[in-house]
Every structure is written in C-alpha cells, then in structure tokens.
Amino acid sequence: MKEKELRRSLAVLPIGTVMKLTNLTARQIRYYETQELIKPERSDGNRRLYSLNDVDRLLEIKDYLDEGLNMAGIREIFMQKQLDQEHRKEQQSKTLTDDDVREILHDEILRAGGLQGMSPTSPKLR
DNA sequence: CTTCTAACA
DNA sequence: TGTTAGTA
C-alpha cells in the first residue's frame, strides 16, 4: 500500500500530457502553480513534471472552481485536508493496534496461568 | 516539436 | 484567461 502511493507521487508527466488528462490549458495549469495550488517538480531544462497526484489535484481544483471557490479558498481547503490527515496519523500512532491488544491479552493470560498452572492442552489463544 | 517566461493591438 | 513572441 506504500509502493502504490510512491508511484502515484512520482513526477514524470510533462505539461502536455497533463493538459489532455485534465482538459485544462497550459496557462491555467501554470497559473494555479503561482497560486500555490500545486507544486510540480522541475527537471531537464526547467521543464515542469507532474505526478498522478498532481493530476488528481488539478481535477479537484477544477471542481472547486466550478463550485464558485477562488484560489485562496481552494488553497485553504487543501491545507485543511493536510491538517486532517496529519491529525489522523498522529492518532493512529497513539492508538492500540489489534496486534498490541493481542499481545497484552497474551501476557495477561500467561501471568494468570503461571500462578495456577494451565493445562498443556488448553486451546491456543492465538 | 514541446515547454518556458513575460507581456499585452 | 487567451495569445503571442523569442528561447531553451
């Protein structure tokens, strides 16, 4: 699930391809960049290189524009989305995973069994 | 031929 | 946003 996100963020598409994929003009794509809505990679002789994520981002921008939002508004939405996912990752790092719970439960059972002696034929608890 | 920056009859 | 000029 990490390999896929890596490919998705690989910047390899020239602006011409992005134009066809998004139906946006080069002018618009470059303009949105000046508005901090996208940050294309730069390579070769200063040519812009976009990733599939950038394409999705541009598609979202087009939708928000249709909904009447301006560049600043869209930028705020992206920033908010960024904060949301950062918050989620932080929570996930502090939340007990299923494996953690299983391990804790296992230790508790060993302790109880150690005091009283468990039958070797007791059903496997994992 | 494609892309880039800058500028506007 | 479109378009065009002069480059790289």
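Here is how names work: the chains are called A, B, and so on, in the same order as the sequence lines, proteins then strands, and each is numbered from 1.
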Discussion item. With heavy-atom distances below 4.5 Å as the criterion, would you say the side chains of A:Asp54 and A:Val18 are in contact?
Written reply: no
Discussion item. In the structure I gave you, are the side-chain heavy atoms of A:Ile61 and A:Phe78 within less than 4.5 Å of one another anywhere?
Written reply: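 They are in contact (side-chain heavy atoms under 4.5 Å apart), so the answer is yes.
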Between [X] ([atom1]) and [N] ([atom2]), how many Å, whole number?
| X | N | atom1 | atom2 | result |
| --- | --- | --- | --- | --- |
| A:Asn46 | B:dA6 | CG | P | 10 Å |
| A:Leu24 | B:dT3 | CG | C1' | 17 Å |
| A:Ile15 | B:dT2 | CD1 | P | 13 Å |
| A:Ile29 | B:dC4 | CD1 | P | 9 Å |
| A:Tyr50 | B:dT2 | OH | P | 16 Å |
| A:Gln28 | C:dG2 | CD | C1' | 10 Å |
| A:Asp44 | B:dC1 | CG | C1' | 15 Å |
| A:Met19 | B:dT2 | CE | C1' | 11 Å |

Item to complete: For A:Gly16, report the nucleic acid contact type (base, sugar-phosphate, nothing); a contact means any heavy atom under 4.0 Å.
Response: sugar-phosphate
If you compare every side-chain N and O of [X] against the phosphate oxygens of [N] (OP1, OP2), does one of them come in below 4.0 Å?
| X | N | value |
| --- | --- | --- |
| A:Tyr32 | C:dT1 | yes |
| A:Arg30 | B:dC4 | yes |
| A:Thr25 | C:dT1 | no |

Worksheet item: Taking all non-hydrogen atoms of both residues, which atom of A:Leu69 and which atom of A:Leu65 are closest, and how far apart?
Response: O-CD1, 3.3 Å
Practice prompt. Select from A:Arg47 and A:Arg42 the residue whose nearest nucleotide in DNA chain B is closer to the 5' end of that strand.
Written response: A:Arg47
Discussion item. Assuming nearest nucleotide by heavy-atom distance, tell me which of A:Arg27 and A:Leu49 is located more 5' along DNA chain B.
Written reply: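 Nearest nucleotide further toward 5': that of A:Leu49.
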Base-pairing assignment for [N] (Watson-Crick or G-U wobble, both under 3.5 Å):
| N | value |
| --- | --- |
| C:dT7 | none |
| B:dA9 | none |
| B:dC1 | none |

Worksheet item: Mapping A:Met71 and A:Gly45 to their closest nucleotides on DNA chain C, which lands nearer the 5' end?
Response: A:Met71
Fill in: Residue that, paired with A:Asp84, satisfies side-chain contact (heavy atoms from CB on, under 4.5 Å) out of A:His87, A:Gln80, A:Glu86
A:Gln80
Fill in: Check ion pair A:Lys2-A:Glu5 (N to O, under 4.0 angstrom)
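No salt bridge links A:Lys2 with A:Glu5.
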